[in-house]
Every structure is written in C-alpha cells, then in structure tokens.
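Here is the structure we will look at.
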Amino acid sequence: MKKFITITLLSLFTFAQSQTSLKPPKGLKITYTRSSNGKLIENQDAIFVFTNPTETLVTTKKMNSGKAEFPFEQTLINPSENKIVQVTQLKKDKSVTTVDSLSLAKQNFEFLSDTKTILGYKCQKAKTIINSNIIELWYTNELQVKGAPTTLGQNIGLVLEMVRNGNFVISATEIEKMKSVSPSLELQKSTTDSPVLDGLTYKDLVWKSRFTTIKVFENEIINFSDASKSNDSILRFANGTIILKKITFPEIKKGDLVFLDLAEQSNGDAYDRTGSVFMIPQDKKQSFFDGLQNGAKTLPIYENGNGKQYQGVVATPEFSPIIELMRFFTPFGIKQYNHIQLKDKTWHEIVPYRMDITDLKHNLSGKTVYVGTFIGNYDKGGHKISMNITINPSESSLDKTNVSIPLFNTTNVMEMAGQEYATMFNHEKGLQVTFTLDKEIKNAQLRYITTGHGGWENGDEFIPKRNTIILNGKEVFSFIPWRQDCGGYRLFNPASGNFNDGLSSSDLSRSNWCPGTATNPIYIELGNLKAGTYTLQVKIPQGPNEGGSFSSWNVSGVLLGE
C-alpha cells in the first residue's frame with residue numbers, strides 16, 4: 001500500500017532553516033495582470049509573486065487574502081535546487097502537494113538581443129516553444145532576484161512580462177520592495193499540511209476536485225437472464241436488459257456544464273446492440289416507471305392507423321415519456337472476443353462514450369430521479385458498463401436553455417418485456433404528438449435523435465431515408481440522417497464479420513449510427529412558440545417488410561427553449 005508522508009511546507013527546502021535568522025533576506029512582491037488580444041481581462045484575480053534571493057511563491061490576490069474559492073493551487077520555487085513545490089488546497093481542511101525536481105532544469109530558451117524597459121527596469125528577451133505555443137519572456141537582472149508569474153522562466157531572472165502567441169499577455173503592473181519576504185511562510189498562511197504525492201496522482205486529484213462526479217453505475221451487467229434480480233441500489237427490469245438507479249442531483253447553476261460518460265465491454269454478447277441512457281420524468285400522474293413495474297401494456301397507447309399499438313412513446317396530458325440522455329451502440333464483442341486475431345489489428349479493450357447533456361440539466365437539477373441504461377440483447381453474459389455524470393462549474397454563455405419538455409421517444413427500452421418496435425412510420429400519419437404550452441417559449445428547439453434499424457441489404461438500417469419534422473401542418477425541417485465514418489471504429493469490433501469484398505460488417509455506413517459510437521442529437525429551430533396547443537409530426541418513408549425482417553426507427557424528441 002502506498003504511504004503518504006505528511007510534512008510541513010518549511011521542511012521542503014534545506015534553505016528554509018534560514019527563515020529563523022534575525023535578519024531575513026530582503027524581497028519583492030510583484031503584481032501581474034492578464035490581457036487577451038490587447039484588452040485587460042475583466043474581474044480577474046491578479047497574480048502575486050513573492051520572491052527573495054532563495055525562493056519564490058506564485059499565488060494570487062484572493063489566495064493570499066484567504067478569499068479564493070476551493071480548489072486553488074500555489075507554487076513554491078527554489079531556483080538554486082531546481083525544485084518546484086505545488087500545493088493545492090482542495091477544501092478548507094484538505095490539501096495535496098507534489099515536488100518536482102526535474103522539469104525546471106529542462107527548460108530551454110533562446111536568448112535574444114531585444115531589450116525594453118518595464119516599470120523602469122531594463123529587460124531582455126527570451127523565447128521558447130511549449131506544445132506548439134510560442135512564449136516570449138521579458139526578464140530583468142537589475143533587481144538581483146529570480147521569479148516569474150508561472151513556473152516557466154524561474155531560473156533566468158525576474159520575468160516582468162510573458163507573451164503567448166502574440167495575443168495573451170501577463171504583465172507586471174507593480175513592484176513592491178519589502179523589508180523581508182518569506183515565500184514559504186506566505187504559503188503556509190493559506191494552506192494546511194498535506195501528503196506529498198507523485199506528479200500524476202497529484203494532477204489527477206486536483207483535476208477531479210474541480211468538478212462534481214456523480215457515480216451512477218460501476219461494472220454493472222446488462223444481460224438477458226431470469227437470474228438478473230434487483231438489489232437495494234440497482235433495479236433490473238426486462239430480464240436484466242434495463243438497469244435503473246435513483247439519483248439525487250445537487251442544484252446545477254446557470255452556466256454549469258453537464259456531461260455523461262459511459263464505458264462498455266462485452267460480457268458475452270458478440271453483436272452490435274442498441275443502447276440508451278435515459279431518465280424517467282415523474283411530473284405527471286403516470287410515468288414510465290409504472291410500466292416497468294406493471295408491464296408495457298399499462299402505458300398510454302399511441303395508434304396511427306396501421307393496426308398496431310405503441311406503448312409509452314408520446315407525451316399526453318397525464319404522461320411524460322422517458323428523456324433520452326444519450327443513445328449509443330455497442331460494438332461487436334469488444335474485450336470478450338479480443339482473442340480473435342487479425343494481422344495488424346490490436347483491438348481496444350473498452351469503448352468510451354461521452355455526451356454533453358447540459359441542455360437537459362433542468363430535468364436533473366436539485367431533483368431525485370431514476371436514471372437508467374438499456375441494451376437490447378438476448379445474451380446471458382450480455383454487456384458490462386460503468387457510467388458517471390459530471391457537473392463542471394462554468395459561466396458558459398452557451399447555456400441559455402431553461403425549459404426542456406419531453407415529447408416523444410420511440411426507442412423500445414422495454415423490448416425484452418414486450419414493448420412494440422417503432423414501426424409506425426409505415427403509415428402516412430407517422431409519429432404525431434399534441435402538446436400544450438402554458439407560457440411562451442422563446443428560441444424553441446427540438447432536440448432530436450434518430451437512427452434507422454432493421455432488414456438486411458434493403459432494410460432502413462442500410463438505406464438512406466429522409467426524416468421530416470412538421471409543426472402544425474407546416475414542414476420545419478427535413479434531412480437524411482446517415483453515418484459514413486463507421487470504418488474508423490474497426491478496432492472496437494473484434495467479432496465483426498468480414499465479407500468477400502474486403503469490408504467488415506462494422507465498416508458499413510448506416511442510418512445515423514455505427515457500432516461502437518454514440519449518436520449526436522441535432523437541434524431543429526422552431527422559433528418563438530406562444531402559449532397554446534401544437535401538433536408535431538415525424539414522417540419517415542419506412543421500408544416494407546421482407547419476409548421475417550422489418551425496418552423501424554428509434555426517434556426521441558425534447559422541446560428546449562427559454
């Protein structure tokens with residue numbers, strides 16, 4: 001087991017013993033501000049650098065005054081020993097530390113003849129390239145100390161200006177000469193003693209501390225078996241092809257971004273399967289959860305005149321369909337069938353899916369809801385998944401949606417419990433939903449996910465078909481959903497069959513999906529919708545049955561707006 005040693009910050013450097021001297025070394029406090037494209041960045045936290053002849057602290061005004069929000073990171077540098085100590089205060093009573101004794105000595109610069117005066121001091125120019133970024137440093141040796149507003153350039157002198165790619169500038173705005181400066185003591189004022197970690201562990205903990213992670217599922221099996229039973233935390237339905245968990249979400253602030261991460265491996269099933277991550281609204285008299293408990297036939301029925309009944313697919317005054325957070329498709333047998341060898345093919349072990357679901361956060365924020373995952377399969381081994389939802393603090397100007405209303409979802413997640421396949425598009429009426437708005441919605445959009453399925457060569461999975469959206473009898477959008485990049489995911493698909501023409505099944509283009517990928521929503525502009533009743537239709541020229549094979553379309557729609 002790894003042991004972490006808790007040490008005081010002063011003991012990190014051998015020179016720290018000199019801090020007890022009756023005459024501490026003189027030092028400086030330098031204030032820096034940031035500019036972008038010639039404009040001062042508004043509401044910024046100014047960078048403070050405390051430096052003396054032996055050490056330097058890089059911090060900020062808020063950190064130094066105890067007003068910074070957690071987590072915050074400060075850096076202590078000993079140029080003579082090429083040592084960098086980074087300390088992050090994760091929360092009030094917890095911090096972590098890492099020590100780097102290598103990277104400072106590896107910094108390389110081109111020293112140029114250019115000079116200029118900054119705050120009355122003659123500066124020379126140095127240049128370096130970091131990850132394709134050109135960094136220009138203006139430094140002075142007239143103050144007989146070293147330091148910089150970042151870890152870069154700590155050994156060349158006192159850096160008073162840094163320019164990245166000619167458009168981002170960190171400039172010194174004030175230099176205060178102080179009778180004594182102890183960077184180590186300044187750091188101790190705002191941090192607690194902390195374990196010293198290796199660099200990667202430290203970076204990982206700091207990175208994860210900047211956002212909230214909600215663990216939904218971890219290594220859960222989604223299969224088809226009478227032995228698949230619910231427990232205290234995970235509910236299982238439709239012989240184990242649906243897993244469900246009750247999740248309590250914190251309040252999600254305006255501007256915050258929300259992401260869904262899912263990872264999948266085969267646990268026995270070799271085929272590409274439809275998957276869906278969803279949440280169950282419970283804002284009306286009846287919910288999809290009632291159908292899971294009591295059977296698909298108890299859900300509201302949609303009929304379009306083709307003689308079939310479709311359970312729980314459209315909103316009614318007393319029922320909200322499930323909200324699809326992400327639609328994904330499993331590849332052919334990833335991990336479980338990696339023993340199938342092909343020359344020059346090294347199969348991936350796991351397939352990751354990641355989706356921005358910020359526009360649906362109002363259905364999650366501050367609520368306790370059921371979040372579920374479905375994978376359609378008839379395999380006893382099935383699939384293994386893990387899933388997290390992350391909330392990333394932000395002030396994104398793109399987050400304008402504060403209304404999200406589920407309208408329809410034809411993905412039959414209760415497929416293995418008798419829910420009808422979405423074949424309603426073989427009739428002129430297609431899919432139709434009527435809804436009423438109590439208030440006007442501005443800048444309305446339809447968050448629309450569509451994928452075609454079924455058949456062999458002539459099925460809608462492999463034939464481009466136009467999707468048409470009609471609102472109150474007027475066509476508002478029309479397009480052909482199609483994916484031509486499926487061959488790029490070959491290494492996710494070890495069990496994919498190979499054909500005589502040199503292609504693999506996973507290479508073939510499909511109706512908006514590929515084995516081993518998620519399908520992105522598209523956003524259909526609907527304009528401003530006044531209070532009133534609306535009818536929305538989805539029409540697709542679904543192909544005819546061929547023997548025992550039929551085509552179907554999984555479509556889901558959520559009304560978004562302000």
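Using a 4.5 Å heavy-atom cutoff, the side chains of Thr56 and Pro183 are not in contact. A 4.5 Å side-chain heavy-atom check between Trp347 and Leu491 finds at least one atom pair inside the cut-off. Between Leu292 and Ile280 there is a side-chain heavy-atom pair separated by less than 4.5 Å. Taking the side chain as every heavy atom from C-beta outward, Ile156 and Asn141 never approach each other to under 4.5 Å. Within the 4.5 Å cutoff, side-chain heavy atoms of Ile243 are placed close to those of Ile385. Taking the side chain as every heavy atom from C-beta outward, Leu160 and Trp138 never approach each other to under 4.5 Å. Residues Ile170 and Thr150 meet the side-chain proximity criterion, which asks for heavy atoms closer than 4.5 Å. Counting only heavy atoms from C-beta outward, the side chains of Leu260 and Phe328 never approach each other to under 4.5 Å.
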**Request:** Show the numbers, then the answer: is there a side chain to side chain contact (heavy atoms under 4.5 Å, CB included) between Arg483 and Thr517?
**Result:** CA-CA 10 Å; Arg483 288 284 294 266; Thr517 69; 3.7 Å; yes
**Item:** Steps toward side chain to side chain contact (heavy atoms under 4.5 Å, CB included) verdict (Phe278, Phe374)
**Value:** CA-CA 8 Å; Phe278 59 92; Phe374 153 78; 4.2 Å; yes
**Prompt:** Would Asp359 and Arg447 count as a salt bridge (charged side-chain N to carboxylate O under 4.0 Å, His left out) if you check the C-alpha gap in whole Å, the side-chain angles of each, and the deciding distance to 0.1 Å?
**Reply:** CA-CA 9 Å; Asp359 47 24; Arg447 182 185 189 265; 3.5 Å; yes
**Prompt:** Given Glu73 and Tyr202, is the side chain to side chain contact (heavy atoms under 4.5 Å, CB included) satisfied, shown in steps?
**Reply:** CA-CA 11 Å; Glu73 182 179 65; Tyr202 170 84; 2.6 Å; yes
**Message:** Could you walk me through whether Glu136 and Lys127 satisfy the salt bridge (charged side-chain N to carboxylate O under 4.0 Å, His left out) test, starting with their C-alpha distance in whole Å, then the side-chain angles of each, then the deciding distance to 0.1 Å, before giving a yes or no?
**Reply:** CA-CA 5 Å; Glu136 297 170 325; Lys127 185 174 76 171; 5.9 Å; no
**Request:** Report the C-alpha separation of Asn78 and Ser80 in whole Å, then their side-chain angles, then the decisive distance to 0.1 Å, and conclude whether the side chain to side chain donor-acceptor pair (under 3.5 Å) test is met.
**Result:** CA-CA 6 Å; Asn78 177 359; Ser80 65; 2.8 Å; yes
**Request:** Take Ile135 and Met162 through the side chain to side chain contact (heavy atoms under 4.5 Å, CB included) test and state the conclusion after the steps.
**Result:** CA-CA 7 Å; Ile135 313 294; Met162 299 181 66; 4.1 Å; yes
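Remark: the backbone N or O of Lys62 is paired with a side-chain donor or acceptor of Asp45 at under 3.5 angstrom. Judged purely by atom type and a 3.5 angstrom limit, Asn388 has no side-chain atom pairing as donor or acceptor with the backbone of Asp261. Under a 3.5 Å cut-off, the side chain of Lys384 and the backbone N or O of Ala263 do not form any donor-acceptor pair. Within the 3.5 Å criterion, the main-chain N or O of Leu200 finds a donor-acceptor partner in the side chain of Asp198. Remark: the backbone N or O of Val258 is paired with a side-chain donor or acceptor of Thr358 at under 3.5 angstrom. At least one donor-acceptor pair closer than 3.5 Å links the side chain of Asn52 to the backbone N or O of Thr54. A donor-acceptor distance shorter than 3.5 angstrom exists from the side chain of Ser266 to the backbone of Asp269, with no hydrogens or angles considered. The backbone N or O of Arg273 lies less than 3.5 Å from a partner atom in the side chain of Thr330, making a donor-acceptor pair. Judged purely by atom type and a 3.5 angstrom limit, Ser276 has no side-chain atom pairing as donor or acceptor with the backbone of Arg327. Panel note: side chain Thr173, backbone Thr31; a donor-acceptor pair is recorded below 3.5 Å.
Within a 6.0 Å sphere centred on NZ of Lys203, heavy atoms belonging to other residues, nucleotides or ligands number 12 at most. By the 6.0 Å contact criterion, NZ on Lys380 is open, its count of non-hydrogen atoms from other residues, nucleotides or ligands being 12 or less. Within a 6.0 Å sphere centred on OH of Tyr271, heavy atoms belonging to other residues, nucleotides or ligands number 12 at most. The number of heavy atoms from other shown groups lying within 6.0 Å of NZ (Lys29) is above 12. Shown here is Lys254, whose NZ atom has more than 12 heavy atoms of other residues, nucleotides or ligands within 6.0 Å. By the neighbour-count criterion of 12 heavy atoms within 6.0 Å, atom NZ of Lys116 is densely surrounded, having more than that number from other residues, nucleotides or ligands.
Once rounded to the nearest 0.5 Å, the distance linking CG of Leu364 with CD1 of Ile391 reads 8.0 Å. Taking OG1 from Thr401 and CG from Leu560, the interatomic distance works out to 5.0 Å, rounded to the nearest 0.5 Å. Interatomic distance, CG of Leu325 versus CG of Asn363, reported as 8.5 Å (0.5 Å rounding). Between the CZ atom of Phe70 and the NZ atom of Lys91 there is a distance of 10.5 Å, given to the nearest 0.5 Å.
Looking at Gln336, Glu220, Glu264 one by one, the single match for side chain to side chain donor-acceptor pair (under 3.5 Å) with His383 turns out to be Glu264.
Taking the six-membered ring where tryptophan is involved, the planes of Phe289 and Tyr370 are essentially parallel, since the angle between them stays under 30° and well short of 60°. Aromatic ring pairs are classed by plane angle as parallel below 30°, tilted from 30° to 60° and perpendicular above 60°; the pair Phe329 and Trp513 is parallel. Ring pair Phe50/Phe48 is perpendicular by interplanar angle, where above 60° counts as perpendicular and below 30° as parallel. Taking the six-membered ring where the residue is Trp, Trp207 and Phe211 present perpendicular rings, their angle passing 60° and hence far from 30°.
Of all non-hydrogen atoms in Ile222 and Thr373, the two that sit nearest each other are CD1-CG2, 3.7 Å. The minimum heavy-atom distance linking Thr140 with Glu142 is given by the pair OG1-N, 3.1 Å. The two atoms that bring Gly147 and Gln154 nearest to each other are CA-OE1, 3.2 Å, heavy atoms only. Closest non-hydrogen pair, Arg490 versus Ser506, comes out as CD-OG, 3.5 Å. What you find for Asn338 and Ile334 is that their closest heavy atoms are OD1-C, 4.0 Å. Taking each heavy atom of Asn377 and Asn223 in turn, the nearest pair found is OD1-CA, 3.7 Å.
Looking only at atom types and distance, the side chain of Thr191 has no donor-acceptor partner in the side chain of Gln89 under 3.5 Å away. Between the side chains of Ser394 and Asn392, not a single donor N or O lies within less than 3.5 Å of an accepting N or O. Residues Asp507 and Ser504 have side chains that never bring a donor and an acceptor to within less than 3.5 angstrom of each other. A donor and an acceptor atom, one from each side chain of Glu55 and Ser184, are located under 3.5 Å apart.
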